[in-house]
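All remarks here apply to the structure that follows.
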Number of protein chains: 2
Amino acid sequence: MAVTIYEVAKKAGVGIGTVSRVLNDSPQISPATRAKVLKVIKELNFQPHAMAQSLARRKTHTIGVVVPFFTGYFYVELLRSIQRALSQHKFDLILYGVDDLQKRDASLKRALQQRRVDGVLLVSMNLAENFAVEFQRRRLPLALVDAYYDQFDSITVNNQEGAYSAPHHLIRLGYRHIAMLTGHFESIPAQTRLHGCQRALQEAGMTLPEGMIITSDTVLGEAARLNDGFNQEAGYLAMRNFLAHQPRPDCPLAVFATSDIQAIGAIKAVKESGLRIPDDIAIIGFDDIEFAEYAGLTTVRQPMAEMGLKAVERMMALLENADLAPEHVRLDTKLVVRESCGAAKLQPALVQSSPHLN
Amino acid sequence: MAVTIYEVAKKAGVGIGTVSRVLNDSPQISPATRAKVLKVIKELNFQPHAMAQSLARRKTHTIGVVVPFFTGYFYVELLRSIQRALSQHKFDLILYGVDDLQKRDASLKRALQQRRVDGVLLVSMNLAENFAVEFQRRRLPLALVDAYYDQFDSITVNNQEGAYSAPHHLIRLGYRHIAMLTGHFESIPAQTRLHGCQRALQEAGMTLPEGMIITSDTVLGEAARLNDGFNQEAGYLAMRNFLAHQPRPDCPLAVFATSDIQAIGAIKAVKESGLRIPDDIAIIGFDDIEFAEYAGLTTVRQPMAEMGLKAVERMMALLENADLAPEHVRLDTKLVVRESCGAAKLQPALVQSSPHLN
DNA sequence: ATGAAAGCGCTAACAC
DNA sequence: GTGTTAGCGCTTTCAT
């Protein structure tokens, strides 16, 4: 079939060991034979068989990436940067797209037991304890991205600070009537962001009364359950409810949506109710998905590209030495000012709004 | 280290061949021993080593997918459906993200020569002849998605029909003043769409004068060169040029943008010029990217999910028998009516506008 | 039906 | 330096 080291060896008049050494550029080999072998390799257009190498080396040179089925800019951008970094290190990436927990577990099991990968990057998903134990037992490097687990490396975003900066921005602009639109209450990011938001308000001597917390928990329907309520439909419905029960505001209202996708839904609800943005209601989002720029949505950007890069760097370190103590990197968010808070004139181009910058 | 068939065999008191047979559920094995072996496998929590299997079977159970670095909904959706279908067949997917032609070739070379994959899905990229030859020589299954090459299977979208249906829709709505906004002239899809568009106009006794073809070729700057001019910036600039040189239209103008992303840019230009959509200018797009729904953009949807599914099905067939004659599937587009052509009242809900339908 | 043995294509330890 | 050999963990004849 395809050409093997045996043929190369024969044609070059050397042993297969020598060919192997040339392949792995071993230091102790005479320049002469190295050149000779290299020449034959070129001639035969030989490339080593990846599977055979993997088997012999006990290394696959492949990383498994488990991602929730990447809808939305956040995951795309993240995956893109992971892939880019991985290929720079000459690693392949096996993509495990996951849309439910069952598939998540199947992917992890597969990665763990079939030894198809040298390490796993788990994105935006929490890790069940039994898997944690397995990973440690197998000593299979694992790093969490946009998720946290004490015993493993993690790259997260400073949700607290991000959620602080949004209302802080609103307050600076003069808003005194602030509501928060969020996903399901039990979701961890929802809670973290709530705390950040509350802190900002408290520092300004304000509070976030319960009536001003617009949560997708109030929303019915199957669609609204997706992704912990962080979806467009839930944002739309929750906002519509809110507007219906809320007396017409007497002073400018600002809404902090804890995800851009919900903000999009909320904007739709606001427009439908005949109110204008930002004149009647200001909206600030979270994530900086692709939409946001188009919609002129002021938002808090997560540094996706950097997350991916850092995750891969960390993975490479773990590959060198699996015994490194877990490191928890927390990256900072960045306020991206656009038009949805009426701040365009006050804060001209505080931040570049084009993606692909970091 | 990890448990192997040898340990299983020993503990079950059988030979390794028997264990292997159980694993591959060979028919000729007594129910008794099968049960016995299965039990030990459970006890030892044994899973076969994927690399060893690959080496012995000369099959990797993995498909390489080469995608242009998937910015935008089209690629995400496509990739998602490919991954889903692949995992249903218990195949892994190695992702080769590519942002330039050099990386494309490197990925193909890698896939071809290192035998890490059983087949390749090449998305939205044309195939150089030397690679075509290589693929055939190696008998490595290859299918093109959103691209065409005579000797290999391909799944494409009926660009002609799609590009016909857009102006046809405009004409039905009463527009008599129609322009087309497209990417670089030499790009194949640009030409195909031009022909479809012209056909629609001709059938209505109209023509597309050169001045009404707004192409990104007129646009300067590096950004405008990306992706054959099918990008937001190019759409914006080209449209701005057009509006600047065009006398204020005396009758309603409609613009067919041959990609949604350009349409987005065009919308921006229109709004900046103080004109309204659809009142002054109607816009219809192509692709139905995620934006489109939010922007209320009437557009022509490409059946991404179906493309992915079909591509994988075809790949599975090729895996069975690499000698199948190449099949060229051409899927139909679907007109998605929203508000950007002012057709909301005339054509109520002609088509559901929610994604994930096909 | 099942055990033994010969690969699959490579790496790495061991000789010389 | 370089050839030889023994694995890596499995599949698959070939006997029996």
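Per chain, numbering begins at 1; letters A, B, ... match sequence-line order. Reckoned from all heavy atoms, side chains included, excluding hydrogens, waters and symmetry mates. Only a predicted model underlies this, so the values are computations on that prediction, with no experimental measurement involved.
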What is the distance, to the nearest angstrom, from the [atom1] atom on [X] to the [atom2] atom on [N]?
X: Gln28(A); N: dA15(C); atom1: CD; atom2: P; result: 17 Å
X: Ile5(A); N: dT4(D); atom1: CD1; atom2: C1'; result: 12 Å
X: Lys36(B); N: dA1(C); atom1: NZ; atom2: P; result: 14 Å
X: Gln53(A); N: dC10(D); atom1: CD; atom2: C1'; result: 18 Å
X: Ile16(B); N: dG9(D); atom1: CD1; atom2: P; result: 12 Å
X: Lys10(A); N: dG9(C); atom1: NZ; atom2: C1'; result: 15 Å
X: Leu23(A); N: dT11(C); atom1: CG; atom2: C1'; result: 10 Å
X: Asn24(B); N: dT12(D); atom1: CG; atom2: C1'; result: 10 Å

- Note on the structure: Separation between CG (Leu93(B)) and CG (Leu95(A)), nearest 0.5 Å, reads 5.0 Å
- Kindly say whether Asp92(B) contributes a backbone atom to a donor-acceptor pair with the side chain of Thr62(B) at under 3.5 angstrom? no
Looking at [X], does any N or O in its side chain come under 4.0 Å of the phosphate oxygens OP1/OP2 on [N]?
X: Ser30(B); N: dA1(C); value: no
X: Thr33(B); N: dT2(C); value: yes
X: Arg57(B); N: dT11(D); value: yes
X: Ser20(B); N: dT11(D); value: yes

- Message: Both Gln47(B) and Arg21(B) contact DNA chain D. Taking the nearest nucleotide for each, which residue is further toward the 5' end?
- Response: Gln47(B)
- Start at the 5' end of DNA chain D and walk down; is the nucleotide closest to Ile29(A) or to Tyr6(A) reached first? Ile29(A)
- For residues 121-134 of chain B, which residue pairs qualify under side-chain hydrogen bond (donor to acceptor under 3.5 Å, both in side chains), counting only residues two or more places apart or in two chains? Tyr75(B)-Ser124(B), Arg104(B)-Asn126(B), Ser124(B)-Asp146(B), Glu134(B)-Arg137(B)
Which pairs of donor and acceptor atoms, one on a side chain in residues 308-322 of chain B, lie under 3.5 Å apart (sequence neighbours left out)?
from: Arg314(B); atom 1: NE; to: Asp153(B); atom 2: OD2; distance (Å): 2.3
from: Arg314(B); atom 1: NH1; to: Glu327(B); atom 2: OE1; distance (Å): 3.1
from: Arg314(B); atom 1: NH2; to: Asp153(B); atom 2: OD2; distance (Å): 3.1
from: Arg314(B); atom 1: NH2; to: Ala325(B); atom 2: O; distance (Å): 3.1
from: Asn321(B); atom 1: OD1; to: Asp323(B); atom 2: N; distance (Å): 2.8

- Task: Tell me what Val19(B) touches on the nucleic acid: a base, only sugar-phosphate, or nothing, going by heavy atoms under 4.0 Å.
- Result: nothing
- Using the six-membered ring wherever Trp is involved, compare the ring planes of His328(B) and Tyr148(B) and label them parallel, tilted or perpendicular (cut-offs 30° and 60°). tilted
- Consider the side chain of Ala52(B), meaning its heavy atoms from C-beta on, and name the nucleotide among dT4(D), dG9(D), dC10(C) that approaches it most closely. dG9(D)
- Looking at the side chain of Thr18(B), which of dT12(D), dG7(D), dT2(C) is the nearest nucleotide? dT2(C)
